[in-house]
Amino acid sequence: MILRYNGQLQMQINDIAQVADYMWQKGWAERNAGNITVNITEFIGDENRSLSVINRIPLFYAVPELADQYYYVTSAGSRMRDIARNPMDQGIVTRVSAEGKSIEILADKNLPPTIELPSHLLMHQMFAREAIREGKPVSSRRRVVLHTHPTELIALSHFKELQSTKAITEALYRMHPEVKMCLPGGLAWVPYEMPGSVELAKASIKDLKDFRFMLWERHGVLGTGTSILEVFDVVDTLNKAAKIYLYVHLLHN
Ligand code: 2HA
Ligand code: ZN
């Protein structure tokens, strides 16, 4: 079925396409690098609640807190440059089933979701629990999970002396004071785990309680928040600080 657009939903999808384009232009999205999930429940509108289910994918674990939540999800193997051109040709709108045991693909096509969807859903489950604890709607806390491969931040993740939350955060704060303004909580350090592995998901979820952004050793960044444009801006600022770090150290050696 084809997604029916209302103004707010169109803006959300446009923002996703815009950020996919920025990440490609920045050189953070080689081949099929990166993935995005956004909770769009607030914007979905009654006109899309009756879309028929194209496919149902069982989950290995239940996420009852996410029952009836709607997500835009990039598809497995999709390229950011293609998502930028046509977000519904390279991504899907899904709903978590009423029992939270499967996801239902609603629009536009029956594409396989990113292989990172199970770990993204565990993160969204954590955000849902945060919101529920505060008596707020499930999607009112963080709605966005974005993963990308920013070159200079990955380069910094190779330096032994920067391989801790304290060391990487202080180095970036020192290089570019803007970082502290947009990310006062700091950047969490996650030691190397296989991309797409359960271990990487578990390590990330542990840090998500206290941090919105994390650096995965020799791999990339995971960012969370309420607006995808704001999440992009933070990664961009972090990566700028990483670039300055590299220039300064090159000039000193
Ligand atoms: O989705 O970046 O880490 C492709 C990746 C996996
Ligand atoms: Zn990756």
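In each ligand, atom 1 is the first atom listed, and ligand 1 is the first ligand listed. All values below were derived from every heavy atom in this structure, side-chain atoms included, with hydrogens, water molecules and symmetry-related copies excluded. FYI, the numbering just counts along the sequence from 1.
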At less than 3.5 Å, what protein N or O atoms come close to the N or O atoms of ligand 1? Include the distances to 0.1 Å.
residue: ligand 1; atom: 1 (O); partner: Gly34; partner atom: O; Å: 3.3
residue: ligand 1; atom: 1 (O); partner: Asn35; partner atom: ND2; Å: 2.7
residue: ligand 1; atom: 2 (O); partner: Gly34; partner atom: N; Å: 2.9
residue: ligand 1; atom: 2 (O); partner: His147; partner atom: NE2; Å: 3.2
residue: ligand 1; atom: 2 (O); partner: His149; partner atom: NE2; Å: 3.1
residue: ligand 1; atom: 3 (O); partner: His147; partner atom: NE2; Å: 3.3
residue: ligand 1; atom: 3 (O); partner: His219; partner atom: NE2; Å: 2.9

Give a yes-or-no answer on whether the side chains of [X] and [Y] include a donor-acceptor pair shorter than 3.5 Å.
X	Y	value
Ser157	Trp189	no
Asn14	Gln18	no
Gln69	Asn39	yes

Tested for side chain to side chain donor-acceptor pair (under 3.5 Å) against Thr37, the lone hit among Arg143, Glu116, His147, His120 is His120
- Query: Should we say atom OH of Tyr192 is surrounded by more than 12 heavy atoms from elsewhere, each under 6.0 Å from it?
  - Reply: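 Result for OH/Tyr192: enclosed.
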Practice problem: Evaluate the side chain to side chain contact (heavy atoms under 4.5 Å, CB included) criterion for residues Leu200 and Met194: first the C-alpha distance (whole Å), next the side-chain angles of each, then the deciding distance (0.1 Å), finally the verdict. | Solution: CA-CA 7 Å; Leu200 182 57; Met194 272 284 285; over 6 Å; no
Excluding water, the protein N, O or S atoms sitting under 2.8 Å from the Zn ion (ligand 2) are His147 NE2, His149 NE2, His219 NE2
Between the CG atom in Leu229 and the CE atom in Met11, the distance rounded to the nearest 0.5 Å is 9.5 Å
Problem - Pair Trp28 and Phe232, ring centroids less than 6.0 Å apart - result: yes
* To do: Using modelled atom types only, decide if a donor and an acceptor are shared between the side chain of Asn55 and the backbone of Asn110 within a distance under 3.5 Å.
  =>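 It does not hold such a pair.
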